[in-house]
Amino acid sequence: MLKGTGVERVIFKAKEHKHRSWQSYSANAVGVASTSLIEDVAMEDKVRIVVADADERTCKILRMIFERKGYETEVVRTGSDAIKKAKKKFFNVAILNISLPDKDGIDLIAPLKEIYPFMAVILVTAYATLETALRALNEGASGYITKPLLMDEVLATVEGALEKQRLQIENQRLYQEAQRELARRKRIEEELRARETCLRNITEHNADGILIVDKKGITRYVNPSARLLLRRSEEELLGTLFGFPLVSDETTEIDIITAGKEPVSAEMRVAETEWEGEDAYIVSLHDVSERRRAEEKLKQVHKIYTKAIENARGVPYRYKFADTTYEYIGAGCEAILGVSYKDLTYKKMKELIKEIIITDPEWEGDAEGYARAFHRGELKRYRADYRILTPQGEEKWLSDCSLPLFNEETGEVIGAIGILNDITERKRAEEEIKQLNEELEQRVQERTAQLEALNKELESFAYSVAHDLRAPLRVIEGFSQALEEDYANKLDSQGKDLLRRVRNAAQHMAQLIDDLLQLSRVTRSEMRRERVDLSALAGSIAEELQKTQPERKVDWRICKGLIATGDSRLLRVALENLLGNAWKFTGRQAKAWIEFGMTLQNGRPVYYVRDNGAGFEMSYADKLFTPFQRLHSVREFPGTGIGLATVQRIIHRHGGRVWAEGAVGRGATFYFTL
């Protein structure tokens, strides 16, 4: 009999789990249990046991023994039920009969441990051979209980398995803590090495010269920038006296005579450090030779700019808010203000100004509010035009453009620096241009009215002519029909053919007149803009076209939900012409299709009608929208050549444009925007 026997191979792997629940753990491969799994098992405060035995008496005895001990016990009859229970709930121990109705108890050990690696599995049998015991141990069993069942033996075996389980968990936890500590130390060592490398790289590649000088003033280390700055090699510098007094935490400027006898100005910073276990100084040398030369050049430039400002056409100034004084103002102020710069004060300037116009496009308030906002530092600049009256009685216009001056410590606006320019001549020119524009606008309005009246007269004339032409055409049509009906037997075949041609020409002329009238109505009709469902319009037109030739099989591809803003009546006319054209020019296709859809170009919707019909030659595309221009003969495809001209006028009235793409025998696509 084997009591509480453990298996040496207790290393396992837990599947990655997303929720802290027992259903998510498994051990498909050899490895180390996850920290979360160990913590979850350790947190269980109640022992749970599942018993799988077909013998009801054995189950009752085991339940009684375990429940007296305070263990939560569940009983099943088959190995399959034991697996199902284990998948739904965590059990510390599984008690399995070695011979179950559906499975061998030993064969259940691996599936159970695959679900819960820490589960202790104990086998129950009436007898046990050495071969069976070794097989069970190899599979991971924790022990045996033999029948007849003895309470002390059962509890001893279970408690031994539980203790082994606790030790496994504790060992695993200690192992993982050791692994984490090793990883932490390794990480710290790597960080220290990385920092050392980083500091060395910073030092070696620093643009400033860096030296280590011991307390005796001997140079112990120099970086490449220091060698370059001093124009000396490392061998020449190391072990030699540095030559400048060093005081820790001080920054001074020094002048160095290099090996090439070139003077170099450097900013020297000194700090205390250690070098090879001894106190030393770290010295940083920043080359400021260029800065010194730039400062000197800046002084010269400042003198030049000062003279330029004094002689400039505008008047520069510097104004202080606190005492409302001009700290500086150009001498040219007398020429444009009529007041000497010595006598100009804020009060005097206020007296001169008669009108203020804010020219900052971002400001919408009044001039006083604009000035207050500028004083509070809410504006990046101040821009305004002043109408002034000089003491000599001369009216002038000045432009003022200034920037705020800030207190460097507090950030508060303390004044302004700007320039005043005399824009009197510009203002006079602007006034003259304004008057000319007003006169030009009046002339344009008058000319537009004349053109509108003339267009109305032309439209009325065209409309009247079209109506007047209908009467003789009806007479021609009527008499031709009478001849055909009453004198058909008196006409030979040639006469009948001529009469047919007369009738066809009259009908074609009538169609032309109808199309011209429609084109005229499109031009003259009033626009009523509204939301228009273009998809619904296209679907309705498609149904009407299909009814005209029900025998034709056309694949209609109409995109749903295309909504636009426009005149619904005019847009219907445009779509009728575009879809009607597609219907006509696909008439000879065995498998015809017509598509209505939308695409985006530069973020704007572009609608299109596409077909696989006869197409056209792209070199003639510019003629498509010209009235009476046709790219196909009437014998091939009937029509008057007015439809696309009508489409173009409708689209233009909607502020859009229309264009086409195609190829002979490969269909065409008509695009339009609104």
Side-chain angles (χ1 to χ4, degrees), residues 1-14 22 25-30 33 37 41 47-55 58-59 61-62 65-66 69 71 73-87 89-172:
M1 182 176 65
L2 302 174
K3 292 184 179 180
T5 305
V7 181
E8 296 299 329
R9 296 180 300 147
V10 297
I11 300 175
F12 53 86
K13 180 179 181 181
W22 289 107
Y25 300 133
S26 65
N28 290 338
V30 176
L37 179 57
V41 173
V47 175
R48 295 189 178 92
I49 300 177
V50 60
V51 177
D53 199 312
D55 182 19
T58 300
C59 292
I61 293 172
L62 290 173
I65 292 172
F66 295 145
K69 188 66 175 177
Y71 299 158
T73 308
E74 294 195 24
V75 175
V76 296
R77 294 288 185 263
T78 66
S80 299
D81 290 339
I83 295 294
K84 291 178 182 178
K85 283 283 185 182
K87 287 182 178 180
K89 191 174 184 180
F90 165 70
F91 293 97
N92 299 79
V93 182
I95 309 293
L96 308 175
N97 194 305
I98 198 167
S99 299
L100 292 170
D102 59 340
K103 293 180 182 293
D104 186 309
I106 296 176
D107 292 338
L108 286 175
I109 296 173
L112 287 172
K113 283 188 172 291
E114 187 173 332
I115 299 171
Y116 309 126
F118 290 114
M119 183 182 291
V121 181
I122 299 173
L123 299 175
V124 178
T125 183
Y127 63 91
T129 65
L130 180 60
E131 181 182 354
T132 304
L134 289 174
R135 180 181 163 215
L137 288 174
N138 286 334
E139 290 297 324
S142 298
Y144 265 92
I145 301 173
T146 58
K147 296 180 180 180
L149 300 174
L150 298 176
M151 182 175 178
D152 291 343
E153 178 186 335
V154 170
L155 290 177
T157 303
V158 171
E159 287 172 357
L162 289 173
E163 178 62 18
K164 181 180 179 181
Q165 183 183 79
R166 186 190 66 77
L167 291 174
Q168 285 177 334
I169 294 171
E170 181 64 18
N171 287 339
Q172 191 68 17

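- Here the side chains of Ile122 and Val158 are in contact, with some heavy-atom distance below 4.5 Å.
- Contact of the Leu112 side chain with the Phe91 side chain is not registered, since no non-hydrogen atoms from C-beta on lie closer than 4.5 Å.
- Annotation: side chain of Asn92 is not in contact with side chain of Ile49 (no heavy-atom distance under 4.5 Å).
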Next item on the list: Begin from the C-alpha positions of Glu153 and Thr146 and carry the test side-chain contact (heavy atoms from CB on, under 4.5 Å) through to its verdict.
Entry: CA-CA 9 Å; Glu153 178 186 335; Thr146 58; 3.5 Å; yes
Next item on the list: Report the C-alpha distance between Val121 and Leu108 in whole Å, list the side-chain angles of each, state the deciding distance to 0.1 Å, and finish with yes or no for side-chain contact (heavy atoms from CB on, under 4.5 Å).
Entry: CA-CA 9 Å; Val121 181; Leu108 286 175; over 6 Å; no
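- Contact annotation: the side chain of Gln168 never approaches that of Pro117 to less than 4.5 Å [non-hydrogen atoms, C-beta and beyond].
- By the salt bridge (Lys or Arg N to Asp or Glu O under 4.0 Å) test, Glu163 is found to be paired with Arg166, residues two or more places apart in sequence or in another chain being considered.
- Shown are Lys84, Lys89, Arg48; of these, the salt bridge (Lys or Arg N to Asp or Glu O under 4.0 Å) with Glu74 is made only by Lys89.
- In this structure, Val51 and Phe66 have side chains that are in contact, with non-hydrogen atoms separated by less than 4.5 Å.
- Remark: of the listed residues Val75, Val154, Val124, Val124 is the sole one forming a side-chain contact (heavy atoms from CB on, under 4.5 Å) with Ile95.
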Note to self: Would Asp107 and Arg135 count as a side-chain contact (heavy atoms from CB on, under 4.5 Å) here? Give the steps.
What the structure shows: CA-CA 10 Å; Asp107 292 338; Arg135 180 181 163 215; 2.8 Å; yes
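- Here the closest heavy-atom approach between residue Met119 and residue Gln165 is recorded as CA-NE2, 3.9 Å.
- With sequence neighbours left out, the side-chain hydrogen bond (donor to acceptor under 3.5 Å, both in side chains) criterion links Glu159 to Lys69.
- Minimum interatomic distance between Ala52 and Thr78 (heavy atoms only, all atoms of both residues): CB-O, 4.2 Å.
- Judged purely by atom type and a 3.5 angstrom limit, Asn97 has no side-chain atom pairing as donor or acceptor with the backbone of Asp55.
- Summarising the geometry, atom CG belonging to Leu167 is positioned 11.0 Å from atom CG belonging to Leu162; distances are rounded to the nearest 0.5 Å.
- With a 6.0 Å radius and a threshold of 12 heavy atoms from other residues, nucleotides or ligands, Lys147 has its NZ atom above the threshold.
- Ile83 and Pro111 get closest at one heavy-atom pair: CD1-CB, 3.6 Å.
- Judged as a side-chain hydrogen bond (donor to acceptor under 3.5 Å, both in side chains), and not counting sequence neighbours, Lys103 has no contacts.
- Contact between Asp102 and Gly79 at its shortest, heavy atoms only, is OD1-N, 2.9 Å.
- For the pair Gly105 and Leu96, the tightest heavy-atom approach, listed with the atom from each and the gap, is O-CD1, 3.6 Å.
- What you find for Ile145 and Leu149 is that their closest heavy atoms are CG2-CD2, 3.4 Å.
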